Structures are given as C-alpha cells and as structure tokens.
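Counting from 1, the numbers follow the sequence of the chain as shown. One-based numbering, in listed order, for ligands and for the atoms of each. These figures come from a predicted structure and were not determined experimentally.
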Amino acid sequence: MSQQPEIIRGMQGVVFTISNVSAINGQEGKLVYRGIPIEELAEHSTFEEVSFLLMEGRLPRKEELEAFNRMLKAHRALPGEVVDVLKKLPSNTHPMDALRTGVSALAGFDPDLGDPIEGMALMGKDEEARKAYWEKGKRMGIRMIAAFPTLVGAWEQIRNGKQPVEPRDDLSHAGHFLHSMLGTVPSDTATRVMDVALILHAAHGMNASTFTGIVIASTASDMYSAITGAIGALKGPLHGGANQQVLRQLREIQEMGGVSKIQEWLDNLLSQKGRVMGFGHRVYKAYDPRARILKRWAGELAKEQEKELYEIAVKLEEINIQKLGQKGIFPNVDFYSGLVYGALGIPVDQFTPIFAVARVSGWVADILEYWKDNRLIRPRAYYGDQVWDRPYTPVEERG
Ligand code: CMC
C-alpha cells in the first residue's frame with residue numbers, strides 16, 4: 001500500500017518552469033511584461049509592440065516594429081475555405097467555439113505545418129533543426145495573432161447573416177479588430193480603448209490557458225494544436241469567461257432597481273455561496289492593476305452611455321471590498337472590461353473572444369520560451385482506490 005502524497009489541489013502555488021515573459025506580484029498588485037510595468041505599456045505602447053516585446057524579450061527598434069506591423073497586416077485575410085467552415089456552423093454557436101473551430105481549420109492552410117514527427121527536432125542535438133522548428137512555431141504564432149481579430153469579426157458577421165468584412169491595411173490591429181467585428185471604421189477613441197484592453201490582456205504569468213498551451217506544446221506538437229487547446233481553457237467562466245458574466249450580474253442588479261438594491265442582491269448571492277464575477281484571483285490578493293486602468297476607461301465612456309451600469313459597478317465594488325477585501329478579494333481585470341466593451345457596442349458573448357485576441361500573443365511567447373528547453377509535461381495522479389486485482393465480471397453476471 002503506497003502512502004498518499006500531499007495533493008496540491010488546483011496546482012495552487014506549484015512552480016513548474018522559469019518564465020520571463022510576464023510576471024505578477026500578487027501581494028503588491030503588480031504586473032510586468034518582460035519587466036516593464038503594465039501601467040507604462042497601457043499608457044505608451046500598442047498591442048503590436050507589446051506582442052513583439054513578449055515574443056522577443058525586448059521592445060522593437062522603429063524599423064523592426066514597422067516590419068512586424070507589415071507582417072501582421074499581411075496575414076489578416078482568411079482563406080475562403082475557413083470562412084466556409086464558419087458558415088457551416090449553427091448560428092447559435094458560441095463565439096469562443098467558432099474561434100476554436102476557425103483556428104483549428106486555419107492550421108491546414110499554414111505552409112509551416114509539417115509532419116508531426118518534425119516536432120522531435122525540439123528534443124534532438126541538432127541545434128539548426130531545433131531552431132528551424134522553433135522559427136516555424138514563431139511564424140505560425142504570428143499568423144495566428146494576425147488572424148484572430150479577423151476570425152472573431154468574421155463569425156460576428158456570419159452569424160448575423162452577413163459577409164465578413166474585407167480587412168483594410170490602413171488600420172491598426174485594434175482598429176482592424178473593431179472594423180471586422182462592427183463593420184464600420186472605428187473612431188480614434190474606440191481604437192485606443194481597444195488597443196489598451198488588448199495590451200492589458202496580452203499575458204498574465206502562468207495561468208490555466210497558458211499552461212494548457214504549454215502542456216500541448218511540450219509533447220512537441222505544433223503551435224496550432226497548442227493555441228486551439230488554450231482557447232478551450234480560456235472559455236471557462238473561472239478564467240476568461242468571467243467578463244461576460246459580470247455584465248449579466250450588473251444588469252440583474254439594474255433590473256432589480258439599481259444602486260439601492262446592491263446590498264440585497266449581494267447578501268442573497270453570498271448566502272447561496274455564489275460568486276461576484278470579476279472579483280477575486282488565484283494570485284492577486286490586492287487590487288488588480290489592470291482593473292484600475294479599465295475602471296478609468298469605463299468611467300470615461302460611461303459619460304456617454306450606460307452610466308447607470310457604471311454607477312452600479314462602482315458601488316458594488318465599494319460594498320464588496322468592505323465585505324471581502326480582508327480575504328484578499330478585489331476586482332480583477334474582468335470587472336470593468338465588460339462595461340468598456342459594452343460601451344464600444346460589442347455583444348456580450350464576444351467579450352471572451354476579445355480576451356483571446358489579446359492573449360494569443362502571450363500564449364505564443366510562453367510556448368516559444370518553453371520550447372527553448374522543452375521537456376514533456378507529464379505529472380501523476382495518486383491512485384486513491386489502491387485496488388490492483390479487481391475481478392472482471394462478464395456482462396451477463398453484472399447486477
Ligand atoms: N465572490 C465571492 N467569494 C469569492 C470570490 C468571488 N468572486 N472569489 C473567491 N471567493 C471566496 C470563495 O468563496 C472562498 O471562500 P471560503 O474560503 O469561505 O470558501 C475563498 O474566497 C477562496 O476561493 P477559491 O475559489 O478557493 O479561490 P481561488 O484561488 O480558486 O479563486 C477565482 C480564484 C478567480 C476562481 C475566484 O476568485 C472566482 O471564482 N472569481 C470569480 C470568477 C472570476 O472573476 N474569474 C476571473 C479571474 S481573472 C481573469 C483571468 O485571469 O482569467
């Protein structure tokens with residue numbers, strides 16, 4: 001009989017690798033990408049520049065950034081066959097499922113997707129072959145970063161019975177995303193807000209979807225398989241799916257009567273062990289710095305519309321921090337992102353795909369980093385039953 005080892009539920013606190021892509025200081029509420037504070041990046045950078053930073057480990061020089069932007073623009077368009085795949089989906093398919101399907105379908109059109117055995121180059125002594133496989137992975141990653149906004153936008157058009165919007169190359173990545181999604185060229189303010197949101201969501205230390213992507217990549221599989229799996233992990237309401245639930249809760253309070261009903265709504269929710277979506281985090285035990293930035297933008301946009309929802313959010317935050325703050329539960333990035341996206345006219349079920357459009361950069365960067373010293377991830381589970389000789393019962397004899 002073997003001794004049960006200590007089980008670390010949810011792998012909380014387990015450190016399995018070294019990563020320099022992004023890091024969180026949960027006690028002090030700090031987030032850095034390659035050492036640069038998120039506040040600096042949100043203020044001065046662009047999503048394109050941040051993607052380069054995450055992958056390459058440094059900010060691009062001017063000509064490098066221009067070349068990177070050209071590359072992203074060159075890969076915006078989708079193969080017609082992939083659009084056809086999306087058109088075959090039932091129109092009630094959740095946008096995250098459509099995105100996962102679209103990304104998976106894209107794989108076959110990528111000239112770098114070779115035979116699976118090529119991945120073994122990651123494990124061999126041939127440095128040239130290893131580098132070549134790594135470079136292929138990077139090119140595939142960049143193509144996915146470029147195509148994600150087009151895919152998400154294409155599904156929005158298709159499910160509404162329209163044709164996907166032709167990508168324009170005079171728009172930034174954020175502008176292109178809004179254009180694909182809404183079908184109109186966005187204002188400078190809308191483009192900037194989306195750019196900031198994409199920057200804030202691009203990477204976030206080790207998290208469920210990044211880990212999923214790395215687990216798949218660690219088998220020496222390809223970048224498309226890894227990213228497709230990561231999308232599946234991001235979809236869950238405990239991870240990227242929380243943002244769409246936040247708006248649902250705020251609207252619930254609004255329908256009950258607004259700010260004056262928050263306390264009653266909250267008491268009711270907590271008495272049933274429910275959770276305030278957009279609150280709490282496995283790592284942050286302080287205010288999420290991304291939430292602070294999005295709160296400011298939500299406030300700016302609320303001057304024009306959805307003012308009441310913003311007021312409900314601010315009051316709910318205040319009351320909830322009084323109640324849960326001492327447990328280290330504060331607003332996370334999702335608490336205000338939904339208000340921002342709602343104000344931009346984006347449908348609620350497209351909020352999680354926005355997260356994916358941003359996070360694909362972090363996924364690619366983390367996988368490329370892991371591939372520099374790849375090792376198959378293969379943990380173990382403890383066999384609780386410890387039965388090794390249960391007899392096989394023929395089907396006729398089973399009770
Ligand atoms: N509302 C109310 N209570 C909460 C919340 C919340 N949002 N989050 C945690 N708690 C309580 C929980 O009930 C538990 O209480 P008790 O000890 O009395 O049983 C305690 O805090 C610890 O909770 P936990 O689930 O063990 O903590 P965790 O580290 O697994 O939680 C979390 C992390 C994000 C899953 C959780 O805070 C949660 O469910 N939040 C709501 C969903 C959400 O907003 N998710 C987005 C995360 S940020 C975006 C991203 O990175 O993907």
Subject >> SB check E63 R61 (cutoff 4.0 Å) >> reply: yes
Nearest neighbour in protein (non-hydrogen) for [atom]:
{"atom": "atom 51 (O) of ligand 1", "result": "H281 NE2, 3.5 Å"}
{"atom": "atom 22 (C) of ligand 1", "result": "R275 NH2, 5.0 Å"}
{"atom": "atom 34 (C) of ligand 1", "result": "G280 O, 3.8 Å"}
{"atom": "atom 21 (O) of ligand 1", "result": "I329 CD1, 3.2 Å"}
{"atom": "atom 1 (N) of ligand 1", "result": "V276 N, 3.0 Å"}
{"atom": "atom 42 (C) of ligand 1", "result": "M277 CE, 3.7 Å"}
{"atom": "atom 50 (C) of ligand 1", "result": "H239 ND1, 3.6 Å"}
{"atom": "atom 17 (O) of ligand 1", "result": "K327 NZ, 4.1 Å"}

Counting only heavy atoms, which portion of [X] has something under 4.0 Å from ligand 1: side chain, backbone, both, or neither?
{"X": "D334", "answer": "side chain"}
{"X": "L324", "answer": "side chain"}
{"X": "L238", "answer": "both"}

For [X], is at least one N or O under 3.5 Å away from an N or O on ligand 1?
{"X": "G278", "result": "yes"}
{"X": "F279", "result": "yes"}
{"X": "R282", "result": "yes"}
{"X": "N332", "result": "yes"}
{"X": "R290", "result": "no"}

Subject >> Where D366 and S19 come nearest, the two heavy atoms and their spacing >> reply: OD1-OG, 3.2 Å
**OP:** Any chance you could lay out the salt bridge (charged side-chain N to carboxylate O under 4.0 Å, His left out) test for D112 and R143, step after step, and finish with the verdict?
**Re:** CA-CA 10 Å; D112 281 313; R143 290 188 194 113; 3.0 Å; yes
Subject >> CG/D373: more than 12 non-hydrogen atoms of other groups inside 6.0 Å >> reply: no
**OP:** Answer yes if a protein heavy atom lies under 4.0 Å from atom 26 (O) of ligand 1, otherwise answer no.
**Re:** no
Subject >> Atoms of ligand 1 close to A242 [distance to a heavy atom under 4.0 angstrom, numbered from 1] >> reply: 43 (C), 44 (O), 45 (N), 46 (C)
Original post:
Can the ring centres of F330 and F279 be said to be less than 6.0 Å apart?
Top reply: no
**OP:** Give a yes or no on whether the ring-centroid distance for H239 and H204 is below 6.0 angstrom.
**Re:** no
Original post:
Will you find, in the side chains of D188 and T191, an N or O donor that is under 3.5 Å from an N or O acceptor?
Top reply: no
**OP:** Please check if any side-chain donor atom of R248 sits under 3.5 Å from a side-chain acceptor atom of Q245, or the reverse.
**Re:** yes
Looking at [X] and [Y], would you say the former's side chain and the latter's main chain have a donor-acceptor pair under 3.5 Å?
{"X": "Y33", "Y": "A202", "answer": "yes"}
{"X": "W371", "Y": "L122", "answer": "no"}
{"X": "E156", "Y": "S180", "answer": "no"}

**OP:** Have a look at Y336 and tell me which of R290, R296, E317, R292 forms a side chain to side chain donor-acceptor pair (under 3.5 Å) with it.
**Re:** E317
Original post:
Judged by non-hydrogen atoms, does K273 sit under 4.0 Å from ligand 1?
Top reply: yes
